[in-house]
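Take a look at the structure set out below.
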Protein chains: 2
Amino acid sequence: MSTPPRRAARGGRRPGDSGTREAIAAAAREHFGQSGYDGTTVRAIAATAGVNPALVLYFYGSKQQLFVDVMRMPFDVAEAVERLVAGDRATIGRRLAAFVLGALDDPQARNVFLGRVRAAAADRDAAATLRGLITGELVGPLVHRLGVDRPELRAGLVSAALFGHVMTRWVVEIDAVVGMTADETLETLGAVLHLQLTGPLGGSADPPDG
Amino acid sequence: MSTPPRRAARGGRRPGDSGTREAIAAAAREHFGQSGYDGTTVRAIAATAGVNPALVLYFYGSKQQLFVDVMRMPFDVAEAVERLVAGDRATIGRRLAAFVLGALDDPQARNVFLGRVRAAAADRDAAATLRGLITGELVGPLVHRLGVDRPELRAGLVSAALFGHVMTRWVVEIDAVVGMTADETLETLGAVLHLQLTGPLGGSADPPDG
DNA sequence: GTCTATAAGCAGATAGAC
DNA sequence: GTCTATCTGCTTATAGAC
C-alpha cells in the first residue's frame with residue numbers, strides 16, 4: 001500500500017504537515033470556549049486560523065467531530081487523580097482547589113472546560129458526555145480512591161462547587177468573583193471542597209463526632 | 001372609546017382574548033427552559049402551543065422579545081428578599097435553600113431559571129442580564145439587607161452555590177444529585193449557603209473567633 | 001493542501017388572504 | 001386572530017479546480 005493518509009498517533013509533525021491543522025484546533029478551542037458549540041461557526045474558526053472554511057472540514061470531517069477532537073482534556077486525568085489521592089488527606093480540599101484553579105489559569109484547558117460546560121447547557125448529548133467525564137474520570141474516581149463515605153453523593157457536591165466557581169467566575173462573570181485575589185479564590189473554593197469531601201452529610205450518614 | 005389594542009396591565013383576560021397568547025408563553029417557557037435560546041425555534045414553540053408559527057411573532061414581535069417577556073421572574077423578587085431578611089438569622093442558609101428549592105419545584109419558575117442560565121452560557125448579553133438580576137435584585141440585596149461583612153464577595157459565593165446546584169441537578173443531571181431526597185438536598189445546600197453567608201473568609205477579613 | 005463555487009437545509013421574519 | 005406562502009440570510013457540507 002502506498003502509505004494511505006494515516007495520521008501518526010504521536011511523534012510530532014510529519015514531513016508535509018504545515019501546522020495548519022493545529023492552528024485550526026487552537027482557533028476552534030478559542031471559539032468553542034468563548035461561545036459554545038452553536039454560537040461557533042466553522043467560518044469564524046477558519047477566519048481566526050487564517051484559512052479557508054473548507055479546510056476546516058477537510059481536516060476534521062465535520063463540525064461535530066472537530067468539537068470532539070479539540071475538546072479532549074489537555075492533561076492526563078488519571079495521573080492528576082493519582083497525585084491528589086497520594087497527598088495529605090487533611091488538605092485535600094485545598095489541593096483539589098489548587099489543581100482546578102491551576103488548570104483554569106491555562107487558556108487551553110480553560111477553553112476546554114468552558115466549551116464543554118457551554119455545550120452541556122445547550123445540548124442534552126453534550127451534557128451526558130460531560131456527566132460521564134465527571135463521574136467516570138474526574139471527580140468520581142477521586143472520591144472513590146479517597147475512601148470517603150457516600151462517595152457518589154460527595155462527588156456530586158464537589159462537582160456542584162466546581163460548577164459554581166466556573167459559572168460565576170467565567171460564564172456569568174459576577175464582579176466580586178472575578179475580582180477575587182488568587183489567595184481568596186483558593187481559600188474559599190478550598191473551604192467548600194473540604195466541606196463536601198469531609199464534612200457531615202444531612203440525612204442518614206453518621207456524622208463524625210455527633 | 002374605540003378601545004385601541006392596548007394591553008391591560010393586569011385584571012385578567014379581556015373580552016376578545018382567546019388565551020392563545022398565554023398558551024404561546026407557556027410553550028415558550030417550556031422550550032427555552034429545556035433547550036435554551038438558540039436550541040429553541042419559533043416553529044417548535046408554535047407546534048407545542050398548537051398554533052401557526054406566524055402567530056408567535058404576531059403576538060411578540062420577535063423571538064428575542066418573546067424570550068424577554070416570558071423569562072421574567074414569576075414571583076415578587078423584592079418581597080421574597082424581605083421575607084428572608086425578616087426571619088431568624090441563625091437559619092438564613094437553610095431558609096434561603098428552602099426558598100430556592102421551592103421555586104425550582106415549580107415548573108414555570110424552574111424553566112425561567114433554566115432558560116436564563118442556558119442562555120447565559122451561550123450568549124454574553126444574556127449572561128450580563130442574568131448577572132444584573134443576581135447582583136441587583138436577588139442575591140445582592142439579600143446580603144446587603146442581612147448586614148454581613150464583605151457583602152459583594154458573599155453574594156458571589158452564594159450565587160456560586162446556587163449555580164452549582166442548578167447545574168448538577170438540572171443541567172448536567174449528575175445521578176447522585178438528581179437522586180437526593182428533598183431533605184438531603186435542603187440540608188446540603190443549606191449548609192453551603194450557611195457557610196458562605198456566615199463563615200470565615202480567607203484572606204483579609206477578620207475571622208470570627210480566631 | 002488550499003482554494004472557489006455552490007448545493008441543500010433551516011432559521012427568523014414579513015405580506016397578505018381569510 | 002389565524003393562517004398560507006414566501007423572502008432573505010446564514011449555516012454545514014461537498015465537488016472539483018489548482
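We name chains A, B, ... by the order of the sequence lines, and we start the count at 1 in each one.
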message: Nearest 0.5 angstrom please: Q196(B) CD to L96(B) CG, how far?
response: 11.5 Å
Specify the separation, in whole Å, of atom [atom1] of [X] and atom [atom2] of [N].
X: Q64(A); N: dA13(D); atom1: CD; atom2: C1'; answer: 14 Å
X: L57(A); N: dG16(D); atom1: CG; atom2: P; answer: 17 Å
X: K63(A); N: dT11(D); atom1: NZ; atom2: C1'; answer: 8 Å
X: Q65(B); N: dA13(C); atom1: CD; atom2: C1'; answer: 15 Å
X: F59(A); N: dG1(C); atom1: CZ; atom2: C1'; answer: 6 Å
X: F67(B); N: dA11(C); atom1: CZ; atom2: C1'; answer: 18 Å
X: I24(A); N: dG1(C); atom1: CD1; atom2: C1'; answer: 10 Å
X: L55(B); N: dG12(C); atom1: CG; atom2: C1'; answer: 15 Å

Taking only N/O atoms, report every protein-nucleotides 4-9 of chain D pair under 3.5 Å with atom names and distance.
| unit_1 | atom_1 | unit_2 | atom_2 | d |
| --- | --- | --- | --- | --- |
| dT4(D) | OP2 | N52(B) | ND2 | 3.0 |

query: Within less than 4.0 Å of OP1 or OP2 of dT2(C), is there a side-chain N or O belonging to T20(A)?
result: yes
query: Would a 4.5 Å heavy-atom cut-off, applied to side chains only, mark L104(B) and R169(B) as touching?
result: no
query: Would a 4.5 Å heavy-atom cut-off, applied to side chains only, mark F32(B) and I45(B) as touching?
result: yes
Solution key, residues 59-71 of chain B side-chain donor-acceptor pairs under 3.5 Å, sequence neighbours excluded:
| unit_1 | atom_1 | unit_2 | atom_2 | d |
| --- | --- | --- | --- | --- |
| Y60(B) | OH | R21(B) | O | 3.2 |
| S62(B) | OG | Q65(B) | N | 3.1 |
| K63(B) | NZ | Y37(B) | O | 3.0 |
| K63(B) | NZ | T40(B) | O | 2.7 |
| Q65(B) | NE2 | D69(B) | OD1 | 2.8 |
| D69(B) | OD1 | R72(B) | NH2 | 3.4 |

- request: Considering non-hydrogen atoms only, spot the tightest contact between G33(A) and R118(A) and give its length.
  value: O-NH1, 2.8 Å
Greater than 12 external heavy atoms within 6.0 Å of R89(A)'s CZ: yes
